[in-house]
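One-based numbering along the sequence shown. As a basis for the values below, the full set of heavy atoms in this structure was taken, side chains included, without hydrogen atoms, waters or symmetry mates. In this text the structure is predicted, and so the values were computed from the model without any measurement.
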Amino acid sequence: MMAGVERDPVTAGTGHKPLRPPSQVMRLHRMGAFFPTRLSFMRVLLRRLHREGAIVSRPVWDIDDEGYGTAVYTVPLGGRPYSLVAFSDRLAPEDRTDRVIAEAWDTTFALYDGVPGPQDLKRLQAAVPKQEAGRCSARELVLSRANKSVRLFAHVADRLAAGRKPDLEEVRSVGYLMRTTAVYGNGKFGIADRAGIADRPGLSEPFQAEMLTVWLIRGFTLDLVEHVARSRSPETAVDLDPLYRRYLGVGNSTGLGMAPFLVNHPVLINNWMLARETALARVRDLPEASGEAVERFLTLFARARQHISEWNVDDERQQRRIEVLRRDLSALEPQLSKDTLSGDYPWDRVVWLAELRSIECAELMVALVLEPYGDLIDGLAHCMSSDTACRVDPGMTIGRLGEIVAGSFAWALAIDFSAPDAEALFWYVSENKAEPRLGRRHDEPGADKEAPLDIARRVQVLSLALKDWPPDELVAALLLRRPDLRYIVRRVQSAERYPYGEIQNNLLDAECLPIDLLRCKLSFFGASKFDPKSDRWTRITLFQGAPGLDEISTTEPDDWCFPVLGGSQ
């Protein structure tokens, strides 16, 4: 847990600039506008690999001329070797789908703890291509699968085989050769539990095993397309230009399965948010900016503008937001000159100016002002894990519990649950796939299986119950009579120590957009090119612009935010 987590979140910064309060940050409309930052988990991983001088080897490359077979990539992290085991198989067009119900994929992967031998590969070959239908072991840390972006993969392979570069617009419009449809960790389908690896150097920060898997998958996809091209035409084939290799990331399709995580892990989410807000407060608190920091910011501002200009989606809501953001950045540019950034507290002013515009603009500036200050904020990444669970404090008085409800949960008490739309949705877990789903209460069956994501409604039930108890009575007495309140009492009590742990919206409301939850979590991963396909699932790009497998030990690991193609990198 981060030092200072129990202090008032409004004054917990490093100087006189306060942290933005939870009432501002923990709202869906803002969380759904987050951009990746220096603290994103992909950035944390690559910094560590670079610092350790990691060298990636490829001990197995048993891939035929058409691109099918087995490959193994091994990389040391935190003093231990980990291996991506990749299986590339034929996939019939009618079996190609990104949906979780799929049973076959172009490629399947496992992150193996160590270096697999022949018998290990034989076992993995029998299990990994089946994914959840297979039987994995605790030696596997992550399980994943991916499908080709068929059109772009074929285009790139054809061009390379002919000795030509891929078409720039084709590459820019997609941004990846394959997209994963799941990246499973933490004990899913028999693989290792998070608790067994959480203390390992290099894996202690959140989602590092998963991010390592995706980074290695990205390297495999680039090697695979070059291999296919060389196999087709050994005499004329060329490798990908380094700029194209950098620009091509890994796609991902993500749906509702990710959304409840932010509700079900309040301590962890508090630590993520608190680290981000503390980083912002530290930078805003700087009384002046060095010439080097200003140059860095202006370079990245220009790159971000180009990145945003290349970001187009089919979703009407998100495309409107992008277009507003482009106009906001054009309007802001004259106010962000070297002269204007040479005044007092320049980054506080930048954040303030952006806040006067759209929410996308405000959160983009949050990401940009952090970039020049790795020495000041990167250490906060070590504070973003948690092995702490919320616990009931039976010795708290009813009066104190009521004060927390009235203060930290005023947003929940203000919701009118008598309105029909206030309880229009319900969250549940599907029996077939054990994946979260969202139903419409008044139109669909299943509300009797509702998952406990109705925090606001439960707070109101608790508030009503507290009226019947004297303020000097203990919570223990309340829970003896009302054990059904234990869950919400625990969450309310935890708000004192973990103020950023609650999303301050009604997740049952008809207007609730789960896509905002997805973007928030994906921003902490480091995802870019957020591309909603509905209000319940999205495509994104991971590791776009990042150093590749062959350059991580020698190349600057952090200069790849807001990647662009055909412009300054």
Counting only N and O atoms by type, is there a donor-acceptor contact under 3.5 Å from the side chain of [X] to the main-chain atoms of [Y]?
X	Y	answer
R497	V267	no
T278	L274	yes
R43	D558	yes
N505	L507	no
S144	A182	yes
N186	R194	yes
Y176	I540	no

May I ask you to check whether over 12 heavy atoms, not counting those of [X], lie within 6.0 Å of atom [atom1]?
X	atom1	answer
D443	CG	yes
D199	CG	no
E511	CD	no
R200	CZ	yes

Could [X] and [Y] be called an ion pair, given the rule that one side-chain N must be under 4.0 Å from one carboxylate O?
X	Y	result
R437	E444	no
R457	E450	yes
R482	D484	yes
E323	R326	no
K533	D315	no
R441	E423	no

- prompt: Taking only residues at least two apart or on different chains, which pairs with a member in residues 25-34 satisfy salt bridge (charged side-chain N to carboxylate O under 4.0 Å, His left out)?
  reply: R30-E355, R30-E363

field: Verdict with supporting geometry, Y498 and Y500, ring pair (Phe, Tyr, Trp, His ring centres under 6.0 Å)
entry: CA-CA 6 Å; Y498 311 110; Y500 292 91; over 10 Å; no

Can you list the residues that meet the salt bridge (Lys or Arg N to Asp or Glu O under 4.0 Å) rule with [X], with sequence neighbours excluded?
X	answer
R218	none
E333	R305
E360	R321, R519
R317	D516

task: Look at the rings of F543 and W215 and say which category their plane angle falls in: under 30° parallel, 30 to 60° tilted, over 60° perpendicular.
output: tilted

- prompt: Regarding S358 and D328, is there a side-chain donor-to-acceptor distance under 3.5 Å anywhere?
  reply: yes

- request: Consider only side-chain N and O atoms of Y345 and R349, and report whether a donor and an acceptor are under 3.5 Å apart.
  value: no

Atom [atom1] in [X], atom [atom2] in [Y]: separation rounded to 0.5 Å?
X	Y	atom1	atom2	value
L111	L143	CG	CG	10.5 Å
R284	L19	CZ	CG	9.5 Å
N264	W427	CG	CH2	10.0 Å

message: Checking N252 against T180 for the side chain to side chain donor-acceptor pair (under 3.5 Å) test, could you report, in this order, the C-alpha distance in whole Å, the side-chain angles of both residues, the deciding distance, and whether it holds?
response: CA-CA 5 Å; N252 176 264; T180 59; 2.8 Å; yes

Residue that, paired with L542, satisfies side-chain contact (heavy atoms from CB on, under 4.5 Å) out of L522, V183, V214, I217: V214

- prompt: Which is it for F562 and W311 under the ring pair (Phe, Tyr, Trp, His ring centres under 6.0 Å) test, yes or no, and what are the steps along the way?
  reply: CA-CA 10 Å; F562 302 103; W311 178 21; 9.4 Å; no

- request: With side chain to side chain donor-acceptor pair (under 3.5 Å) as the test, would you mind laying out the steps for Q319 and D314 before giving the verdict?
  value: CA-CA 7 Å; Q319 186 62 33; D314 294 330; over 6 Å; no

query: Is there side-chain contact between I515 and R536, with at least one heavy-atom pair below 4.5 Å?
result: no

- prompt: F207 and F261: ring pair (Phe, Tyr, Trp, His ring centres under 6.0 Å), yes or no, with the steps?
  reply: CA-CA 13 Å; F207 290 96; F261 184 93; 5.7 Å; yes

- prompt: Does A477 have any side-chain contact (heavy atoms from CB on, under 4.5 Å) partners at least two apart in sequence or in another chain, and if so, which?
  reply: W469, E473

